[in-house]
Amino acid sequence: MRNLRTFLPGFRRGQHPSRLEYRKMWWIFTSVVLGTLMVNIDSSVVNVLIPTLERAFHRPPSLLQWAVSAYLLVVTTLLPLLGALSDRGSRKKYYLMGVALFTISSALCAIATNLMQLIIFRMIQGLGGALIMANVMSIITFTFPPERRGKPLGYVNSIVALGTIIGPGLGSVLLSLFGWRSVFWINIPIGMISLALSIVHLPPLRTSKEKQPLDLVGAIWITAAVAAIFFEFSEAGAWGWMSAPSIVLLVTSVVCFLLFLVHERHTPAPLIQLTYFRIPSFGLSVVASFLSYVLMMMPQFLLPIFLRDVQDESATRVGLVLMTQSLSMFAFSPVAGWLSDRYGPRAWPVIGMVMVGISEAVFSSLSAHTPLVYTTIDLFLFGLGLSLFTAPNNALVLAAVPPQHSGEVGSLLALVRNLGRLVGIAVSSAELTVSRVNGSGMANSHTLVMAFDRAFYIGIILATLAFASSISVSLHRTALRSTWNRRT
């Protein structure tokens, strides 16, 4: 296996890296984290363009939404395949390919003359984004020893939160000053800097899996399953959850996923090593990670409607309140990473999920007369709980498997993140749909408050399940051995 030790000669098994070697690690981290920032800004920035694109292309919002959905669809469906592909080649090559595709397609989006061109270029952008996401966690796993991964993983979570914070705001500023095309032009300098740093600092980072065949049959089944569930959660609100298209998509996704599991158990080189799910620190942590991303999206989806329609707050104040969660995660994710490195990762997901559950309980008690500062403080604590959970939990997942599988595991974590967000929005949307009365699509304040209460009660249940998964990992003896006694 060729990993970072091949390129840092002084770094040997059982030894701590020198100051020079540690500096090289952080240059590698900087190279890939710029790609992460670019992808996360772009995942949220395009949403603010829909009204402007409606006037520019003379197309209804239902079609324009595909400028957002096409990107997310490509990213979500291709992550498992691209993660496995990266494990079989040079991670530097695939990461550079992803940044180059993303940068070039951003320029193409900026010069698009019609909606079809924009959607096609956004799909290419999604391919680049998937290549970036498939390799970032893997590169960090290869670069940093297990006892030093918490801090960089915490910084990655901060960058994700930062992209979420500045995406819509940056898009609005660029849109007002320079027009909608500037939203895509802004990616060019970031992409070029990431490319330049990666060419200079990234080693190839090849693994012993390079000559193993790629599981294309498994890739087809998991891609079909993810695509079907993506369409289900994206469109079921418009179609109806019990409509024929929704049922067909749900059944298709389940069948394809079962066929994928059967195939993976009998293929010599599986796309995802299902045996890793038998490791408590892997399987339970992945489940908890999925639940955490479902929980993460619920306040972001529900609170804007609650603050606007129930408490009659202005759009500006609503936006400032919602930034609290992302700012909290941006500030405390590195701290959580440091705590994970200093004291071990097992306890922090448990503590974080306790805070998330308490915050969900507080959210369920909101009323039309709840002071805005009360909601803001709770949202801040909610972000703090997620920060304490995410980086240590990811460290447990990545440390549970050999580094030659880190590409597929990193892709799995990114896939779990995207699907969790989709499910979180779908659960929240379903509760609001139930709240509509008199067939008019309108609901009074009392009915909306009841819907929010039900949604956050579901959140409490999900937080309890995530807590149970995390505490099971914490109490399992093999979790400690697999995390701290393995030297990758």
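Quick caveat: nothing in here was measured; it's all calculated off a predicted structure.
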Original post:
With no hydrogens and no angle check, is any side-chain donor or acceptor of Thr376 less than 3.5 Å from a backbone partner on Leu372?
Top reply: yes
**OP:** Please tell me if the side chains of Met353 and Leu295 come closer than 4.5 Å, counting only heavy atoms from C-beta onward.
**Re:** yes
Subject >> Qualifying residue, where the test is side chain to side chain contact (heavy atoms under 4.5 Å, CB included) with Met38 and the options are Ile186, Ile188, Ile132 >> reply: Ile132
**OP:** Specify the closest pair of heavy atoms between Ser365 and Thr370, including all atoms of both residues, with the distance to one decimal.
**Re:** O-OG1, 4.4 Å
Original post:
So, for Ser367 and Gln311, which heavy atoms are closest and what is the spacing to 0.1 Å?
Top reply: O-NE2, 3.0 Å
**OP:** Step by step, work out the side-chain contact (heavy atoms from CB on, under 4.5 Å) result for Phe184 and Leu118.
**Re:** CA-CA 11 Å; Phe184 296 105; Leu118 181 60; 4.1 Å; yes
Subject >> Flag side-chain contact, heavy atom, 4.5 Å: Asn187 against Gln125 >> reply: yes
**OP:** Examine distances only and state if a side-chain atom of Ser472 and a backbone atom of Ala468 form a donor-acceptor pair shorter than 3.5 Å.
**Re:** yes
Original post:
Judged by atom type as modelled, is there a donor-acceptor pair below 3.5 Å linking the side chain of Ser253 to the main-chain atoms of Leu249?
Top reply: no
Original post:
Under a 4.5 Å cut-off applied to non-hydrogen side-chain atoms, are Val286 and Phe290 in contact?
Top reply: no
Original post:
Is the ring centre of Trp180 less than 6.0 Å from the ring centre of Phe57?
Top reply: yes
**OP:** Might you point out which heavy atoms bring Ser474 and Val350 nearest each other, and give the distance in Å?
**Re:** CB-CG2, 4.1 Å
Subject >> side-chain contact (heavy atoms from CB on, under 4.5 Å) evaluation trace for Val362 with Thr375 >> reply: CA-CA 9 Å; Val362 174; Thr375 306; over 6 Å; no
Original post:
Taking Phe363 as the fixed residue, which of Tyr374, Phe306, Phe456 is the one that meets the ring-ring contact (aromatic ring centres under 6.0 Å, His included) rule?
Top reply: Phe456
Original post:
Is it the case that more than 12 heavy atoms not belonging to Met123 sit under 6.0 Å from its CE atom?
Top reply: no
Original post:
So, Ser470 side chain and Phe467 main chain: donor-acceptor pair closer than 3.5 Å or not?
Top reply: no
Check residues 377-394 and write down every donor-acceptor pair under 3.5 Å in which the side-chain atom is one partner and the other belongs to a residue at least two apart or another chain.
unit_1 : atom_1 : unit_2 : atom_2 : d
Asp378 : OD1    : Ser359 : OG     : 3.4
Ser387 : OG     : Gly383 : O      : 2.9
Thr390 : OG1    : Leu386 : O      : 2.7
Asn393 : ND2    : Ser285 : O      : 3.0

Original post:
Is Glu360 reaching over with its side chain to a backbone N or O of Leu462, donor-acceptor style, under 3.5 angstrom?
Top reply: no
Original post:
So, Ser194 side chain and Ser31 main chain: donor-acceptor pair closer than 3.5 Å or not?
Top reply: yes
Original post:
Do Arg417 and Met296 come close enough that some side-chain heavy atom pair is under 4.5 Å?
Top reply: no
Subject >> Test item: Ser292 side-chain N/O and Ser289 main-chain N/O as donor-acceptor pair under 3.5 Å >> reply: yes
**OP:** Give the ring-plane orientation class for Phe277 versus Phe282, where under 30° counts as parallel, over 60° as perpendicular and anything between as tilted.
**Re:** perpendicular
Original post:
Please walk me through it: do Leu307 and Val321 pass side-chain contact (heavy atoms from CB on, under 4.5 Å)?
Top reply: CA-CA 9 Å; Leu307 295 174; Val321 170; 4.0 Å; yes
Original post:
Does Val32 offer a backbone N or O that forms a donor-acceptor pair with the side chain of Tyr95 under 3.5 Å?
Top reply: yes
Original post:
Looking only at heavy atoms, which two atoms of Ile229 and Val226 are closest? And how far apart?
Top reply: CG2-O, 3.2 Å
Original post:
So, for Ser105 and Phe121, which heavy atoms are closest and what is the spacing to 0.1 Å?
Top reply: CB-O, 3.7 Å
**OP:** Heavy atoms only: give me the nearest Leu131-Asn135 pair and the separation to one decimal.
**Re:** O-ND2, 2.8 Å
Original post:
Is the closest side-chain heavy-atom distance between Val99 and Leu34 below 4.5 Å?
Top reply: no
Original post:
Below 4.5 Å, heavy atoms only, C-beta onward: do Trp185 and Ile111 meet side chain to side chain?
Top reply: yes
